[in-house]
Amino acid sequence: MKITALAGGVGGAKFAQGLYRTIPKEDLTVIVNTGDDFEHFGLAVSPDVDTVCYTLAGLENPESGWGRADETWNAISNVKVLGGPSWFQLGDRDLATHLERTRRLNLGYSLSEITRDFCKAWRIDCRVIPMTDSRVRTTVLTDEGALPFQEYFVRRHCEPRVTGFRFDGIHTAEPAPGVLEEISSSDAIILCPSNPWVSIDPILSVPGIQPAVQNSRVVSISPIIQGRALKGPAAKMYKELGIEPSALAIANHFRYILTGIVFDSQDAHLKPHIEKLGIGTFTCNTIMEDSSGCARLARDVLHFIGSL
Ligand code: FO1
């Protein structure tokens, strides 16, 4: 079964790793959010693309989920000594990725070409494609004004109250080469357990992606369990936008494309409410404590897809 997974940061990367360990690698494509990308110290940083790649390659920092394992922080701590910005933690190993990515972008290579080459170097055998090679930047609209995504997420610890989102550059963005072809030739599209507002919505908002996805079986995995997100601000965002965070909220969020949704057994009471929307349901343990947990969830999701 050929699968295309749409993924954001840590939760998406973990689930993608579960798929990577479960299905033949040539049958897997991961399309990654680039709305979180930004320029820092003049370097092109693509946090979600890197989180997915590091995780698939087994190079990820197991504590944070982002950045590299066995990291050292010499560069950023010396920037701090000099009075430079140190709010965004760039590790020494991770820095090499941004340096080399920036060098290649300056030579005229696209983000998707560079990502393909990095995957080869890291011996990743499935396709990882950034959603677009165009410049798209997520802006979080808050009660303190519009904040670039990483300013909101890292610098302000997601504290400002969210009133909406803007994906700057989205209207003229084009899907990266291969994105539409991979979606159309897949047996199912999986929306990974990533933040719907700032990880999955930007991908679906790239012109052409949503219509392509709509022609396929689409299954999402709820990142909300018992009203809380395991990681990140998804639940806080729903609340601030006046929506009770739950698997039902996720189902409603994507109801225009969903065939089915997988959510945690602890929320099994939501089944009838979601099924009323005409969306198939499956409950299981959706917590990915370790890599065997990621693979277990992937197997459960694939089993559900097979039954749809
Ligand atoms: N997240 C943080 O909370 N603090 C950081 O200092 C930070 C640095 C960082 C460096 C490289 C990278 O690839 C990711 C990094 N992240 C950091 C995570 C990142 O901001 C988020 O995971 C995503 O953008 C949200 O999906």
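Only this structure's heavy atoms are used, side chains among them; waters, hydrogens and symmetry mates stay out. One-based numbering, in listed order, for ligands and for the atoms of each.
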Taking the minimum heavy-atom distance to atom 21 (C) of ligand 1, which of F153, W87, F88, W66 ranks first? F153
Side chains of Y238 and P196: does their closest heavy-atom pair fall under 4.5 Å? yes
Does a salt bridge link E289 with R296, judged by any charged N lying under 4.0 Å from a carboxylate O? yes
Check the pair F38, F88 against ring-ring contact (aromatic ring centres under 6.0 Å, His included), reporting the backbone distance first and the verdict last. CA-CA 11 Å; F38 75 133; F88 195 79; 4.8 Å; yes
How close does the nearest protein non-hydrogen atom get to atom 3 (O) of ligand 1, and which residue and atom is it? V154 CG2, 3.9 Å
Any V10 heavy atom less than 4.0 Å from ligand 1: no
Backbone or side-chain N or O of S46 under 3.5 Å from ligand 1 N or O: no
Judging by distance only, is a nitrogen or oxygen of H98 under 3.5 angstrom from one on ligand 1? no
protein heavy-atom neighbour closest to atom 13 (O) of ligand 1 works out as P47 CA, 3.3 Å
Should the pair Y152 and F149 be assigned to parallel (<30°), tilted (30 to 60°) or perpendicular (>60°) ring geometry? tilted
If I apply the N/O under 3.5 Å rule, does Q150 come out as touching ligand 1? yes
Mind checking whether F149 has a heavy atom under 4.0 Å from ligand 1? yes
In ligand 1, which numbered atoms sit nearer than 4.0 Å to a non-hydrogen atom of D36? 23 (C), 24 (O), 25 (C), 26 (O)
Would you mind running through ligand 1 and noting each atom that sits below 4.0 Å from a heavy atom of Q89? 5 (C), 6 (O), 8 (C), 9 (C), 10 (C)
Taking 4.0 Å as the limit for heavy-atom contacts, which would you say applies to D48 with ligand 1: side chain only, backbone only, both, or neither? side chain
Between R135 and E39 (salt bridge meaning N to carboxylate O under 4.0 Å), is one present in this structure? yes
Atoms in ligand 1 with a heavy atom of G9 nearer than 4.0 Å: 26 (O)
If you measure from each non-hydrogen atom of D94 to ligand 1, which part falls under 4.0 Å: side chain, backbone, both or neither? side chain
So does E244 pair up with K239, basic N to acidic O under 4.0 Å? no
Any chance you could measure L141, atom CG, to E144, atom CD, to the nearest 0.5 Å? 13.0 Å
Is any side-chain N of the basic residue among R103 and E100 closer than 4.0 Å to the acidic one's carboxylate O? yes
Please name the residue in the list I257, I203, V219, I221 that meets the side chain to side chain contact (heavy atoms under 4.5 Å, CB included) test with L191. I257
